[in-house]
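In what follows, a single structure is set out as structure tokens and then discussed.
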Amino acid sequence: MRATGTAGAPEPETTKPDQALPPWTILVVDDDPDVHTITRMVLRDLRFAERGITLLHAGSAAEAETILRQHGDVAVILLDVVMETEDAGLRLVRTIRETLVIEDTRIVLRTGQPGTVPERDVILRYDINDYRSRAELTDTRLISVVIAGLRAFDRIRTIAHQRDALARLNQTLEQRVADRTRALRDSETRLRSILDTSVVPMVISRVSNGRVMYANERARLLLGLTPSRADRSIWARPEDRRHLMARVAAEEKVEDFEAQVIAFDGHRFWALVAAIAMSLDGEPGVLMSFNDISGRKAMEDELKRLATTDPLTGIGNRRQLMDQGDREMRRASRYGSPLSVLMLDIDNFKRINDTYGHAVGDNALKAMVQCCLGQLREIDMLCRLGGEEFVALLPETPPEAAAVAAERLRSAVGGMTMAVPETGPLAFTISIGVAAPHPDDETLTDVLTRADEALYRAKRAGRNRVAAAT
């Protein structure tokens, strides 16, 4: 029986929450009461990062949307595909991501009818984090999927909070500098006293030649700047200084300029530079402050890496494939250069999982990726589309050469064996579909569709072979 109260008022179930930390919230969306009962039994004692869980239950997509509008902290959603309609779950995914604009929550699709929506279509078209049939989600597997979702949700939230804290700190500091500069512009003596106490490197340079007229103690220690020395030596890219000066000339005040700066000891760091036009001793100058934002930049890079990397294999994920692929499509169209796409997957991969377990299946995917990377060029890109399906982008490669490369991949994987404890070596094969852009193709998805059709022709023809799109 689903644990729901009146419409729009779900009664949450909490598993031993820590008094100091709130529990994780997991929403179960399924029109089968037994699924709610089983999920409740499997997850009842689950704890992650010293926090229990609260289960919310919905029997339909509409009920789930109502719950999500009331609860903004749902970490993981276990979502059935087929409920009041055959695609109710998929429509809810779009509502969550596009209408409710909930981006951090991890979504796991579950279905008792895996053939209803092909997995490759789901991965291509919907922003989900996992797709499983109910038969795959044994007790242990369900717990693993939930923990993976909680871990990803927690990491995204933590990085976002740190980034917001840094942004607030930067904004506060920049505002303080701007306020002080504005209030003391006409009093050079008081201006120097304020700047001397700042923990941020601050420099006043001549507009005419870039010579330093004033540098506070922090600028002298960190950047090695002293009066009469030119500030040009601190810029990792000289053009950054030219762009900054041009903006100051046009706007008088700049608060959001990011550049790499060279410290006195030679190390480089990212700085948020604020600059304002002023005069010192009657000579036109520019007051610049350098706030170290290397930590924020590192967080942004990590966020980008997490968003574009497949955690199992370490190669690009679907997002990176679509971004890079569309850029390659535009480049190939602009310069008339060839481009080919390979879509490949492991033959009978489900049998490997069923026979040896998911851990061996995961190892097979990683072994296949490493084998293929050893056969591809540096300019080629291999990404995981989803499940056991992978896509290789081959720039500057016509279809005939791509077919040769595909045969090389197929042969290399087919000749590989993987050690499996207790059962001995495991060998497997792959099938590959080859496609190239057509003149009327608008995006990479058009090419992927033909490559996918070619892949399935190879499967129907007996597997362990390459098929070219027509």
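Computed from a prediction, not measured in an experiment: that's the story for all the values here.
Judged purely by atom type and a 3.5 angstrom limit, T39 uses its side chain to pair as donor or acceptor with the backbone of V35. D310 places a side-chain N or O within donor-acceptor distance of the main-chain N or O of T313, the cut-off being under 3.5 Å. The backbone N or O of R463 lies less than 3.5 Å from a partner atom in the side chain of R465, making a donor-acceptor pair. Side-chain atoms of E63 come within 3.5 Å of backbone N or O of G59 as a donor-acceptor pair. In this structure, W24 contributes its side chain and F48 its backbone to a donor-acceptor pair below 3.5 Å. Although no hydrogens or angles enter the test, the distance criterion places no donor-acceptor pair under 3.5 Å between the side chain of D323 and the main chain of Q320. The closest donor-acceptor contact from the side chain of S294 to the backbone of W270 lies under 3.5 Å. Between the side chain of D446 and the main chain of E442, a donor-acceptor pair closer than 3.5 Å is present. Not a single donor-acceptor pair under 3.5 Å links the side chain of R319 to the backbone N or O of M322.
A salt bridge is absent between R450 and E453: the closest approach of a Lys/Arg side-chain nitrogen to an acidic carboxylate oxygen does not fall below 4.0 angstrom. With respect to the salt-bridge test (charged N to carboxylate O, under 4.0 angstrom), the residues R247 and E255 do not qualify. Between K350 and D354 a salt bridge is recorded (basic side-chain N to carboxylate O distance below 4.0 Å).
Atoms CD and CD1, on E388 and I352 in that order, are 9.0 Å from each other to the nearest 0.5 Å. Atom CD of E400 is separated from atom OG of S340 by 8.0 Å, given to the nearest 0.5 angstrom. Separating the CD atom in E98 from the CD1 atom in I102 is a distance of 12.5 Å, to the nearest 0.5 Å. The distance from atom NE2 of H243 to atom CZ of R237, rounded to the nearest 0.5 Å, is 7.5 Å. Distance check: L321 CG to L382 CG gives 9.5 Å after rounding to the nearest 0.5 Å. Taken to the nearest 0.5 Å, the CG atom of L68 stands 9.5 Å off from the OG1 atom of T95.
Shown here for P395 and R331, the closest heavy-atom pair between the two residues is CB-NH2, 3.6 Å. Scanning all heavy atoms of the two residues, the minimum distance from V261 to A271 falls at CG2-CB, 3.9 Å. Across A436 and V447, no two heavy atoms sit closer than the pair C-CG1, 4.0 Å. The two atoms that bring L342 and A402 nearest to each other are CD2-O, 3.8 Å, heavy atoms only. The two residues P399 and V434 have their closest heavy-atom pair at O-CG1, 4.3 Å. Across F290 and W235, no two heavy atoms sit closer than the pair CE2-CH2, 4.0 Å.
Between H57 and H36, the ring planes are tilted. Angles from 30° to 60° get that label.
A heavy-atom distance below 4.5 Å is not found between the side chains of Y356 and N363. Between L344 and L455 there is no side-chain heavy-atom pair separated by less than 4.5 Å. For the pair L90/I128, no side-chain contact is recorded, criterion being any heavy-atom separation below 4.5 Å from C-beta on. Between L46 and I147 the shortest side-chain heavy-atom distance falls below 4.5 Å. Taking the side chain as every heavy atom from C-beta outward, V146 and V108 never approach each other to under 4.5 Å. The side-chain heavy atoms of V420 and E422, taken from C-beta on, include no pair separated by under 4.5 Å. Put simply, the side chain of S144 does not reach to within 4.5 Å of the side chain of H358, judged on heavy atoms. Considering only heavy atoms from C-beta on, L444 stays 4.5 Å or farther from E328 through its side chain.
If you check the side chains of T470 and R457, you find no donor sitting under 3.5 Å from an acceptor. Side-chain contact, D265 with H267: a donor N or O sits under 3.5 Å from an acceptor N or O. If you check the side chains of Q324 and R327, you find a donor sitting under 3.5 Å from an acceptor. When only modelled atom types and interatomic distance are considered, D347 and S431 share a side-chain donor-acceptor pair under 3.5 Å.
Applying the 6.0 Å contact sphere to CD of E239 captures more than 12 heavy atoms from other residues, nucleotides or ligands. With a 6.0 Å radius and a threshold of 12 heavy atoms from other residues, nucleotides or ligands, R157 has its CZ atom above the threshold. More than 12 heavy atoms of other residues, nucleotides or ligands shown are found within 6.0 angstrom of CZ on R377. Within 6.0 Å of CD on E84 lie more than 12 heavy atoms contributed by other residues, nucleotides or ligands.
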(request) Starting from the C-alpha separation in whole Å, work towards a yes-or-no answer on side-chain contact (heavy atoms from CB on, under 4.5 Å) for C372 and V413. (result) CA-CA 7 Å; C372 290; V413 174; 4.0 Å; yes
(request) List the steps and the verdict of side-chain contact (heavy atoms from CB on, under 4.5 Å) for F390 and L409. (result) CA-CA 12 Å; F390 295 79; L409 295 183; over 6 Å; no
(request) Give the C-alpha distance, both sets of side-chain angles, the deciding distance and a yes or no for side-chain contact (heavy atoms from CB on, under 4.5 Å) between D452 and L448. (result) CA-CA 6 Å; D452 188 55; L448 290 178; 6.0 Å; no
(request) Show the numbers, then the answer: is there a side-chain contact (heavy atoms from CB on, under 4.5 Å) between R106 and I156? (result) CA-CA 10 Å; R106 306 294 87 191; I156 291 172; 3.7 Å; yes
